[in-house]
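Everything on this sheet refers to the single structure shown next.
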Amino acid sequence: MKRTEIKTLLESTDYGKTVNVKGWVRTKRESKNVAFIALNDGSTIKSVQIVVDKNPEIEKILDNIHTGAALSVNGTIIESPGKGQKVEIQAKEIEVLGPADPEEYPLQPKKHTLEFLREIAHLRFRTNTFGAITRVRHAMIFAIHKYFTENGFYNIHTPIITASDAEGAGEMFQVTTLDLNNIPKTDDGEVDFRKDFFGKPANLTVSGQLEAELAALALSKVYTFGPTFRAENSNTSRHLAEFWMIEPEVAFYDINDDMDLAEDMVKYLIRYALENCMDDLGFLSKRQQDEEKSKKADERSMELIEKLRFVIDQEFERITYTEAIDILRNSKPNKKKKFQYLIEGWGADLQSEHERYLVEKHFKKPVIITDYPKDIKAFYMKQNDDGRTVRAMDVLFPQIGEIIGGSQREDDYDKLYNRIKEMGIPEESMWWYLETRKFGSVIHSGFGLGFERMMLFVTGMGNIRDVIPFPRTPLNCEF
RNA sequence: UCCUCCUUAGCUCAGUUGGUUAGAGCAUCUGACUGUUAAUCAGAGGGUCGUAGGUUCAAGUCCUACAGGAGGAGCCA
């Protein structure tokens, strides 16, 4: 018999119909004459209840069924006389496909800490929380491609291995086939990269932006959605060494068009989640509220679904860096010296506490800050006429902080060339990037959206290691 | 990388000013129970207290180092 997915089954009203379901046991409850098994196959967060009328033969099978075991059940769909579910399966035949030794199986029908589940990442998919996160993550991946496709973008695959170390977006993972126990050296004692696979040093990408720009200057609207690697020794709940980033790049867009795109896209993704993942979001909302029970009322998060709706309904506040500095300088925490880093003058980078003040206290909604001092931003950003700021934009979200970083790109050959020189970037590694400003250069803009940070926001999870299946962080490369 | 905190049963935790054989809930096992919803009830088994040193008559408890984890900061997405 063909397997019926539990998601389909629970929506069915074909009472009396014989079906087959396969899945993993969440709990088993037994009394003298009847047993109940909650079976889940991951097609939905809901489990189906298998009702087993006991007899000596089936009891032998029941003895072998524990939390975690995989079952195949043939039975009939019946209307449930019990509370908590409309439909259930009256079992006729049960086969244990794969038993799970209860003495060893670590998951129990109870709350586990997220830290413990991280240590058993190979099994944590089988929990309600990670099942929900995984399904929402898929929905978000799909919605991203859908959004861009509907809006005339082309997806491009930018290289994962690159030889340009010019972007300066952080420490990189080196890629080499050299024997590390016997490194070839040049006459001056330096590593002889001519002997390496590519004949020069190579690294894992820290951003697909520079290559995406090349494509945008031909196809107008492109985006990348790929893995990104940062070898920074970051130990926070918001950083991963391997994460996924969405980077649209659009010709003829200025910084304002760029902001419009960012805001529209983020809202689209949230709307998609609300329209397609309510079962999972409802569970994640309850989970979050449960977790925050011990917190004081004013420290608790806004209810997840309410928060998502709230963000869709709000226009993101757009201010310049200079305006942000003014607000912060005159803010209560600054005057009362509550900030760890006091705002004194123009030019310093904003700290997390400042961003959080602006988003969570002052505006109480997402904020986009533009026109940062050029000295604290990357070389490729469009220089303003004032000579001291660039057309950068950061989208800041409550609790998460920077979720998007982007800019209008410098399209003037001379200005870009001079900036590369000023910042000591080896120009010979950037010849191809510079050439696009020599031939048919036009204004263009783009941004990077951290996918896992978006996932944090949509799921209400607190740690980025819990919204990616197998997190890579310093000293952690298990699974 | 810096600061702070944590590490006791399979899991989640309690363990008083250092003082006899280290406790609970859940899970597991045994039994009871006519439909349960993380079922319930009764009983049983389960621990070299993260590792290595040290102080002390005596260390789960105090000190040092190391390991692992968490929160915050920096870097950023």
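In what follows, chains are A, B, ... by sequence order, proteins preceding strands, each numbered from 1. Excluded from the calculations below are hydrogen atoms, water molecules and symmetry mates; all remaining heavy atoms, backbone and side chain alike, are included. Computed from a prediction, not measured in an experiment: that's the story for all the values here.
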Query raised in the report: So among A:Leu304, A:Val458, A:Ile45, which one has a side-chain contact (heavy atoms from CB on, under 4.5 Å) with A:Leu284?
Result: A:Leu304
Query raised in the report: Taking only side-chain nitrogens and oxygens of A:Asn233, does any of them come within less than 4.0 Å of OP1 or OP2 of B:U1?
Result: yes
Report task. Determine, stepwise, if the pair A:Arg26 / A:Asn128 fulfils side chain to side chain contact (heavy atoms under 4.5 Å, CB included). Result -> CA-CA 10 Å; A:Arg26 286 294 169 78; A:Asn128 284 332; 2.6 Å; yes
**Report entry** CZ on A:Arg391 to CG on A:Asp258, rounded to 0.5 Å
**Finding:** 12.0 Å
Query raised in the report: Would you say B:C76 has OP1 or OP2 under 4.0 Å from some side-chain N or O of A:Thr236?
Result: no
Query raised in the report: A:Lys110 side chain: which of B:G68, B:C76, B:C26 is closest?
Result: B:C26
Query raised in the report: Does a salt bridge link A:Glu242 with A:Arg230, judged by any charged N lying under 4.0 Å from a carboxylate O?
Result: no
Requested in this report: Check every strand shown and say whether A:Leu240 touches a base, only sugar-phosphate, or nothing at a heavy-atom separation below 4.0 Å.
Outcome: base
Query raised in the report: Starting at the 5' end of RNA chain B and moving along, which residue's nearest nucleotide shows up first, A:Gly462 or A:Gly450?
Result: A:Gly462
Report summary line: Taking Watson-Crick and G-U wobble contacts under 3.5 angstrom, with | marking pairs to another strand and [ ] crossing pairs, the secondary structure of RNA chain B is written (((((((..((((.....[...)))).(((((.......))))).....(((((..]....))))))))))))....
Report summary line: A:Met381 atom CE is separated from B:C76 atom P, nearest whole Å, by 10 Å
Query - Distance between C1' atoms of B:G23 and B:A32 (Å, rounded) - result: 27 Å
Query raised in the report: Ion pair present between A:Arg124 and A:Asp466, side-chain N to carboxylate O less than 4.0 angstrom?
Result: yes
Query - N/O (side chain, A:Thr27) to phosphate O (OP1/OP2, B:A38) under 4.0 Å - result: no
Report summary line: Regarding the side chain of A:Arg29, the nearest nucleotide among B:U36, B:U34, B:U28 is B:U36
Query raised in the report: Can you tell me how far C1' in B:A22 sits from the matching atom in B:C49, rounded to whole Å?
Result: 8 Å
Query raised in the report: If you measure from the ring centre of A:Phe36 to the centre of the six-membered ring in the base of B:G35, is it under 5.5 Å, with the planes under 30° apart?
Result: no
Query raised in the report: Can you say whether the rings of A:Tyr223 and A:Phe148 are parallel (under 30°), tilted (30 to 60°) or perpendicular (over 60°)?
Result: parallel
Query - Options B:A70, B:A27, B:U28, nucleotide nearest the side-chain atoms of A:Pro109 - result: B:A27
Query raised in the report: Does some side-chain heavy atom of A:Glu5 sit less than 4.5 Å from a side-chain heavy atom of A:Asp41?
Result: yes
**Report entry** SB check A:Asp394 A:Lys377 (cutoff 4.0 Å)
**Finding:** yes
Query raised in the report: Can you check the A:Gln340 CD to B:G72 P distance for me, whole Å?
Result: 14 Å
Query - Nucleotide B:A70, atom P - distance to CG of A:Asn476 in whole Å - result: 8 Å
Report task. Using a 4.0 Å heavy-atom cut-off, write out nucleotides 47-52 of chain B from 5' to 3' as B (base contacted by protein), S (sugar-phosphate only) or - (no contact). Result -> ------
**Report entry** For A:Asn334, all residues meeting side-chain hydrogen bond (donor to acceptor under 3.5 Å, both in side chains), sequence neighbours excluded
**Finding:** none
**Report entry** OP1 or OP2 of B:A70 under 4.0 Å from side-chain N/O of A:Arg465
**Finding:** yes
Requested in this report: Give a yes/no answer on whether the side chain of A:Ser31 brings an N or O atom under 4.0 Å of OP1 or OP2 in B:U36.
Outcome: no
**Report entry** A:Asn463 side-chain N/O to B:G71 phosphate OP1/OP2 under 4.0 Å
**Finding:** yes
Query raised in the report: Given side chains that start at C-beta, do those of A:Val52 and A:Ile94 come closer than 4.5 Å, heavy atoms only?
Result: yes
